[in-house]
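These numbers come from the heavy atoms of this one structure, side chains and all, not from hydrogens, waters or symmetry mates.
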Amino acid sequence: MAQRDLRSLSVYPAFKTFTVGASGCDEILLPSACNQVSIGCDGTKIYIAQNGYSDTDDIDTNDNAFVPASNFLIIRLGKGKNRSSSLFVQSSSGNVKVHVILEEVQ
């Protein structure tokens with residue numbers, strides 16, 4: 001799969017769309033100013049994870065969350081040392097377009 005490096009984004013909200021597959025996850029590297037991420041897919045359930053995974057791992061089995069088809073999940077990120085620097089996303093079936101909204105929420 002692929003690593004999606006979004007760390008250079010500096011204007012919010014930022015909208016990104018990319019394709020992910022079902023055979024391994026894609027890592028999304030998050031900008032430091034971003035503290036809220038919305039993620040979803042039109043028509044297919046996707047899995048997201050953070051803890052203990054690496055790019056290309058299969059995350060559809062353990063320690064994940066899922067976003068139902070045609071929905072978004074909003075994730076508030078921690079602050080300081082508790083802040084996640086990346087998220088992992090994988091399709092439940094085939095190659096799909098994932099939509100990501102990055103925000104800097106007050």
Side-chain angles (χ1 to χ4, degrees):
M1 299 286 90
Q3 191 175 67
R4 311 297 176 159
D5 191 348
L6 305 180
R7 294 177 293 183
S8 65
L9 298 174
S10 61
V11 177
Y12 301 101
F15 299 85
K16 290 293 178 182
T17 304
F18 47 85
T19 301
V20 300
S23 62
C25 68
D26 284 22
E27 183 176 19
I28 303 170
L29 299 173
L30 302 170
S32 60
C34 172
N35 60 9
Q36 182 168 292
V37 178
S38 300
I39 188 166
C41 178
D42 186 24
T44 304
K45 175 175 71 173
I46 59 172
Y47 298 103
I48 58 171
Q50 194 270 321
N51 305 75
Y53 287 103
S54 298
D55 194 40
T56 73
D57 285 347
D58 191 11
I59 65 171
D60 69 348
T61 56
N62 295 305
D63 298 331
N64 65 42
F66 68 91
V67 183
S70 301
N71 283 279
F72 271 91
L73 176 67
I74 299 170
I75 303 167
R76 292 288 307 248
L77 300 175
K79 296 180 180 179
K81 292 182 181 180
N82 297 322
R83 185 188 179 282
S84 175
S85 61
S86 68
L87 294 173
F88 299 88
V89 62
Q90 181 174 338
S91 169
S92 65
S93 177
N95 291 332
V96 298
K97 278 190 179 177
V98 171
H99 302 270
V100 177
I101 304 168
L102 305 171
E103 297 178 84
E104 182 180 34
V105 178
Q106 301 302 321

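Residues passing the side chain to side chain donor-acceptor pair (under 3.5 Å) test with S38: none are found, sequence neighbours excluded. Listed by chain and number, the residues in a side-chain contact (heavy atoms from CB on, under 4.5 Å) with C34 are Y12, P31, V37, L77, R83, L102 (sequence neighbours excluded). Residues that satisfy the side-chain contact (heavy atoms from CB on, under 4.5 Å) test with E27, not counting sequence neighbours, are Q3, L29, D55, S86, F88. D57 is linked by a side chain to side chain donor-acceptor pair (under 3.5 Å) to nothing, counting only residues two or more places apart in sequence or in another chain. When the side chain to side chain donor-acceptor pair (under 3.5 Å) test is applied to T17, the partners found at least two apart in sequence or on another chain are H99. Remark: Q36 pairs with E103 by the side chain to side chain donor-acceptor pair (under 3.5 Å) rule, at least two apart or across chains. Looking at residues two or more places apart in sequence or on another chain, you find no side-chain contact (heavy atoms from CB on, under 4.5 Å) involving S32.
Cluster membership for V89 and V100, using ILVMFWY side-chain heavy atoms within less than 4.5 angstrom, is shared. V98 and I75 fall within the same hydrophobic cluster, defined by Ile, Leu, Val, Met, Phe, Trp and Tyr side-chain heavy atoms under 4.5 Å apart, directly or through other members. Both L9 and I39 are assigned to one and the same hydrophobic cluster, defined by single-linkage of ILVMFWY side chains at heavy-atom distances under 4.5 Å.
Between the side chain of S92 and the main chain of K45, a donor-acceptor pair closer than 3.5 Å is present. In this structure a side-chain-to-backbone donor-acceptor pair under 3.5 Å is missing from Q50 to L87. No donor-acceptor distance shorter than 3.5 angstrom exists from the side chain of D26 to the backbone of V20, with no hydrogens or angles considered.
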Please tabulate, for side-chain N and O atoms in residues 64-73, each donor-acceptor pair with protein atoms closer than 3.5 Å (sequence neighbours left out).
residue : atom : partner : partner atom : Å
N64     : ND2  : I59     : O            : 2.6
S70     : OG   : D42     : OD1          : 3.2
S70     : OG   : G43     : N            : 3.1
N71     : ND2  : A69     : O            : 2.9

Does the pair Q90 and D58 meet the rule for a side chain to side chain donor-acceptor pair (under 3.5 Å), with working shown? CA-CA 8 Å; Q90 181 174 338; D58 191 11; 2.7 Å; yes
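Closest of all the heavy-atom pairs between T44 and S93 is CG2-O, 4.0 Å. The minimum heavy-atom distance between I28 and F18, with the atom names listed, is CD1-CZ, 3.5 Å. Smallest separation of non-hydrogen atoms from S91 and I46: CA-CG2, 4.2 Å. Here the closest heavy-atom approach between residue S84 and residue L30 is recorded as O-CD1, 4.1 Å.
The salt bridge (Lys or Arg N to Asp or Glu O under 4.0 Å) analysis of residues 6-19, with sequence neighbours excluded, yields the pairs D5-R7.
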